[in-house]
Number of protein chains: 2
Amino acid sequence: MEALRADMFDEICPSTLLPFRIGPDKWSALVIKCLEDGPRRFSELRVPLARVTPKVLTQSLRALERDGFIRRTEETTPVRRVTYELTDLGRGLLQQVYLLCDWSSEHWDELLDARES
Amino acid sequence: MEALRADMFDEICPSTLLPFRIGPDKWSALVIKCLEDGPRRFSELRVPLARVTPKVLTQSLRALERDGFIRRTEETTPVRRVTYELTDLGRGLLQQVYLLCDWSSEHWDELLDARES
DNA sequence: CCGTATCCTGACTGATACTG
DNA sequence: CAGTATCAGTCAGGATACGG
């Protein structure tokens, strides 16, 4: 299970092998997962999501914010610092992602078998 | 909950309000749901999925078949008859769809509230 | 540091018509 | 009945460069 969660970030995985998608776009599920351990800054999110361009990452963040899954906080003093964090609703959604990942990992071999033939 | 499941077929709903998507394409979740009560023929699926053109419906069915979620059975005698039915894997996926729908319905008002502001 | 602005491309979707 | 063929449109996603 933990292995699968990590594998979500593999090159082939998002929206190709996982049989589901959270949010309207391709990366929302991963963005939500990146916030599981607490608030993160934009530049911190870019590390695990290195394959996502800033434009697309911004789009995902805006969409998730609009839907109430994450909260954006901006402070300008002493330096510019923008943090994103899950709302209660977002944490609930994250749990659903976990459940889906658990189910997927239990049936991973069946999924791969079906793909091959 | 039952209301939400019905609402999945509403004009505005698929991939616009539901915060998830099953399968690579827009209609897979609904196709799977249409097979919940047993095998269905192509023309039977077209009734609840009236807004899906045959081409797109075929694409969804092929993708779901390739991934092992549904099974396609063709018989030519006495008449041409093609039926689609969920595999065990597909039934499992349907359960996951139900869980997501249940969660969504519990937080429906929060989702709508966030959308408005 | 935290994004925007352009431009571009391919994937997905759809309408319509047609066939074994 | 169960699709396919063809054409067209839209839109999310990505590359690259730039701005407050």
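Within every chain, numbering begins at 1; the chains are lettered A, B, ... in the order of the sequence lines, protein sequences first and strands thereafter.
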Please report the distance, rounded to the nearest Å, between [atom1] in [X] and [atom2] in [N].
X: Gln59(A); N: dA5(C); atom1: CD; atom2: P; result: 12 Å
X: Leu61(A); N: dT4(C); atom1: CG; atom2: P; result: 10 Å
X: Leu57(B); N: dG14(C); atom1: CG; atom2: C1'; result: 13 Å
X: Arg81(A); N: dC1(C); atom1: CZ; atom2: C1'; result: 10 Å
X: Lys26(B); N: dT13(C); atom1: NZ; atom2: C1'; result: 7 Å
X: Leu30(B); N: dT13(C); atom1: CG; atom2: P; result: 12 Å
X: Glu74(A); N: dG3(C); atom1: CD; atom2: P; result: 7 Å
X: Glu44(A); N: dG3(C); atom1: CD; atom2: P; result: 13 Å

Answer whether the closest heavy-atom distance between the side chains of [X] and [Y] falls below 4.5 Å.
X: Tyr84(A); Y: Val31(A); value: no
X: Glu85(A); Y: Ile70(A); value: no
X: Phe69(B); Y: Leu94(B); value: no
X: Trp27(B); Y: Val56(B); value: yes
X: His107(B); Y: Leu89(A); value: yes

With sequence neighbours left out, the residues meeting side-chain hydrogen bond (donor to acceptor under 3.5 Å, both in side chains) with Arg46(B) are none
Inset, instruction - Could you tell me whether Arg80(A) and Glu75(A) make a salt bridge, using a distance below 4.0 angstrom between a side-chain N and a carboxylate O? - result: no
Ignoring backbone atoms, establish whether [X] has a side-chain N or O less than 4.0 Å from OP1 or OP2 of [N].
X: Arg62(B); N: dT4(D); answer: yes
X: Arg41(B); N: dA2(D); answer: yes
X: Arg72(B); N: dG3(D); answer: yes
X: Thr58(A); N: dG3(C); answer: no
X: Arg51(A); N: dA15(D); answer: no

request  = Using the side-chain contact (heavy atoms from CB on, under 4.5 Å) rule, take Lys55(A) and Gln59(A) through it: C-alpha gap first, then chi angles, then the decisive distance, then the call.
outcome  = CA-CA 6 Å; Lys55(A) 189 195 84 172; Gln59(A) 286 174 351; 3.6 Å; yes
Would you say the side chains of Ser105(A) and Asp102(A) form a donor-acceptor pair under 3.5 Å?
no
From the candidates dA2(D), dG14(C), dT4(D), the one with an atom nearest any side-chain atom of Phe42(B) is dA2(D)
The helix from dC1(C)-dG20(D) to dG20(C)-dC1(D): angle between terminal helix axes, five bp per end, to the nearest 10 degrees, reads 60°
*asked:* Determine whether a donor-acceptor pair (N or O, by modelled atom type, separation under 3.5 Å) exists between the side chain of Asp88(B) and the backbone of Arg91(B).
replied: no
Contacts under 3.5 Å, N or O only, protein and nucleotides 16-20 of chain C:
unit_1: dG20(C); atom_1: N2; unit_2: Arg80(B); atom_2: NH1; d: 3.4

- prompt: Reckon Arg46(A) touches a base, only the sugar-phosphate, or nothing at all at heavy-atom distances under 4.0 Å?
  reply: nothing
